[in-house]
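Both counts, for ligands and for their atoms, begin at 1 and track the order of listing. In this chain, residues are counted from 1 in sequence order. Atom set for the values below is all heavy atoms of this structure, side chains included, hydrogens, waters and symmetry mates excluded.
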Amino acid sequence: HNISHEIRTPMNAIIGFSALLSEPGHSEESKNFFTETITQSSNQLLAIINDIVDISNIEAGIINLSKEEITVNDILQRLEDQFSLMSRKMGISLQKFTPLADGEARILADRTRFIQVFSNLINNAFKFTNEGSVEFGYKSREDKLEFYVSDTGIGIPSDQLTKIFDRFYQVDYKMTRLNQGTGLGLSISKSYVDLMGGEIYVLSEPGKGSTFYFTLPRCNSGGKEEQVFKEKRKIKLKRDYYILLAEDDIQNSELIDIYLSSTGLNVHKVNNGAEAVQYCRSGKPVDLALIDLNMPVMDGSEATR
Ligand code: ADP
């Protein structure tokens, strides 16, 4: 219900203000306002779509995380730059705490997801804070770094501290602007942190503020772990395997060929069902046939039969 509301609201704004733009007689100032609203709503819509795609991929178990050595001080600096405008606009101070030297402050994680989790927590901190400050940074915790984002905002009732990590869950603020959003951000963050071998948790006091923490494994090995990880992903084939790929869309066919061939499989491409049947009947080896459904000459169902 919330998702459909969250999609319709910016969509209506985009359609409505686009229509207004094409009408004659509006002042330059009004037109600027219309365009700004359209851009803002489009970005909002894109953010929601990204969340939905992320959560779908997480649920389908098809998230591919990389494990790279990351020096976190640089990233935290960029986050500070990124959020400084919001901090100034809202009159809420933003502080960064990076106590370790660059060489010490290194973790093993997926860079994009790490930034996504951190941005999401900082974004929430601003969203749920009316005055005061937002602070973010990390502390050393044995073989992990413990990252945190702390705010002086409205806080979270104690009985809901674990629920907020559930999909779609939002504390009920009686339909105020605080209920904007999908309620997916924290659940996505939790999944990513889990997958990267860490933990995420929150301490909060209603009326005083909240601190979100997440841990990630430190990296001291100078690149060793990265190699282990990459080696694990390489498939070791016991013999040659042959894939027949029937697909009339050239781009799709190329893409699948590149994916499969890079793992060491032998791929033979054909353009339609009839060619697939012909190839199979020729007696050439086929371990697996990947057959598209909609194809010219003979469709996939018939070819398979
Ligand atoms: P969304 O922000 O889209 O609602 P999230 O999954 O990011 O979704 O957050 C879920 C809920 O957790 C929020 O709706 C809010 O009730 C609560 N929450 C998250 N971060 C904070 C925070 N810093 N302070 C207070 N409440 C928070």
Side-chain angles (χ1 to χ4, degrees), residues 1-11 40-41 43-59 63 79-80 82-83 86-87 89-97 112-138 146-195 198-214:
H1 176 76
N2 196 31
I3 290 269
S4 95
H5 172 81
E6 287 295 321
I7 290 177
R8 266 173 212 182
T9 311
M11 203 67 218
Q40 239 176 48
S41 304
N43 286 331
Q44 202 181 326
L45 199 55
L46 185 62
I48 291 160
I49 290 169
N50 285 338
D51 274 0
I52 296 171
V53 170
D54 277 2
I55 204 85
S56 311
N57 286 342
I58 288 167
E59 289 197 354
I63 288 290
L79 285 170
E80 187 180 26
Q82 189 189 324
F83 282 97
M86 190 185 281
S87 150
K89 259 191 181 166
M90 296 180 67
I92 292 168
S93 73
L94 178 65
Q95 277 134 28
K96 172 173 68 91
F97 184 63
T112 314
R113 316 294 184 190
F114 171 66
I115 296 173
Q116 189 178 344
V117 170
F118 229 138
S119 307
N120 179 37
L121 295 180
I122 299 176
N123 231 331
N124 275 351
F126 278 107
K127 180 172 164 188
F128 296 101
T129 302
N130 288 322
E131 56 181 353
S133 61
V134 170
E135 187 185 311
F136 71 105
Y138 60 81
E146 182 186 62
F147 299 92
Y148 69 90
V149 178
S150 164
D151 65 57
T152 55
I154 59 174
I156 302 156
S158 60
D159 60 331
Q160 303 187 43
L161 283 177
T162 49
K163 288 187 194 148
I164 55 168
F165 292 99
D166 292 348
R167 272 171 304 153
F168 304 111
Y169 193 87
Q170 298 181 309
V171 178
D172 187 2
Y173 302 107
K174 309 290 170 221
M175 296 297 284
T176 61
R177 76 170 174 94
L178 294 178
N179 275 123
Q180 276 172 12
T182 55
L184 288 176
L186 283 179
S187 130
I188 292 169
S189 297
K190 181 173 170 9
S191 301
Y192 286 159
V193 172
D194 284 351
L195 285 169
E199 278 178 278
I200 188 167
Y201 37 91
V202 58
L203 294 178
S204 183
E205 203 176 322
K208 291 232 164 113
S210 316
T211 304
F212 283 81
Y213 299 89
F214 65 100

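- No side-chain donor-acceptor contact under 3.5 Å links Ser133 to the backbone of Leu94.
- At least one N or O atom of Gln170 sits closer than 3.5 Å to an N or O atom of ligand 1.
- The side-chain heavy atoms of Ile58 and Tyr192, taken from C-beta on, include a pair separated by under 4.5 Å.
- Between Phe136 and Phe118, the two ring planes are perpendicular [angle over 60°; tilted spans 30° to 60°].
- With a 4.0 Å heavy-atom cut-off, ligand 1 is reached by the backbone of Val171 and by its side chain too.
- Ser119 and Gln82 make their closest contact through OG-NE2, 4.4 Å (heavy atoms, listed as atom of the first residue, atom of the second, distance).
- Side chain of Ser87 to main chain of Ile92: a donor-acceptor pair is present (N/O by atom type, distance under 3.5 Å, no hydrogens or angles).
- Between Ile156 and Phe128, every side-chain heavy-atom pair lies at or beyond the 4.5 Å cut-off.
- Close approach of ligand 1 to Gly181 is summarised as follows: ligand atoms under 4.0 Å from at least one heavy atom of the residue are 3 (O).
- For atom 9 (O) of ligand 1, the nearest non-hydrogen atom from the set Ile154, Asn123, Leu186 comes from Leu186.
- Near Tyr169, meaning under 4.0 Å from any of its heavy atoms, are these atoms of ligand 1: 10 (C), 11 (C).
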Inset, instruction - Test side-chain contact (heavy atoms from CB on, under 4.5 Å) on Tyr201 and Leu161 and set out the steps. - result: CA-CA 9 Å; Tyr201 37 91; Leu161 283 177; over 6 Å; no
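- Proximity to Leu184 (heavy-atom distance under 4.0 Å) selects the following atoms of ligand 1: 6 (O), 8 (O).
- Within the 4.5 Å cutoff, the side chain of Glu199 has no heavy atoms near those of the Tyr213 side chain.
- Shortest contact from atom 27 (C) of ligand 1 to any protein heavy atom: Phe128 CD1, 3.6 Å.
- Comparing Ile164, Thr129, Asp51, Ile48 by heavy-atom distance to atom 17 (C) of ligand 1, the nearest is Ile164.
- Nearest protein neighbour of atom 7 (O) of ligand 1, counting heavy atoms only, is Asn124 ND2, 2.8 Å.
- At least one heavy atom of Phe212 sits less than 4.0 Å from an atom of ligand 1.
- The six-membered or imidazole ring of Phe147 lies near that of Phe114, with a centre-to-centre distance under 6.0 Å.
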Inset, instruction - With side-chain contact (heavy atoms from CB on, under 4.5 Å) as the test, would you mind laying out the steps for Gln116 and Ile188 before giving the verdict? - result: CA-CA 9 Å; Gln116 189 178 344; Ile188 292 169; 4.0 Å; yes
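- Below 4.0 Å from some heavy atom of Gly183 lie the following atoms of ligand 1, by number and element: 1 (P), 3 (O), 4 (O), 6 (O), 8 (O).
- The distance from atom OG of Ser210 to atom NZ of Lys208, rounded to the nearest 0.5 Å, is 12.5 Å.
- Checked by distance only, ligand 1 and Ile156 stay at 3.5 Å or farther apart across all their nitrogen or oxygen atoms.
- Residue contacts with ligand 1 include Ser210, since one or more of its heavy atoms lies under 4.0 Å from the ligand.
- Contacts between Asp151 and ligand 1, counted as non-hydrogen atom pairs separated by less than 4.0 Å, involve the side chain only.
- Short contacts between ligand 1 and Gly155, defined as distances under 4.0 Å to a heavy atom of the residue, involve ligand atoms 25 (C).
- Lys127 counts as a contact of ligand 1, since one of its heavy atoms falls under 4.0 Å from the ligand.
- An N or O contact shorter than 3.5 Å links Tyr173 to ligand 1 by distance.
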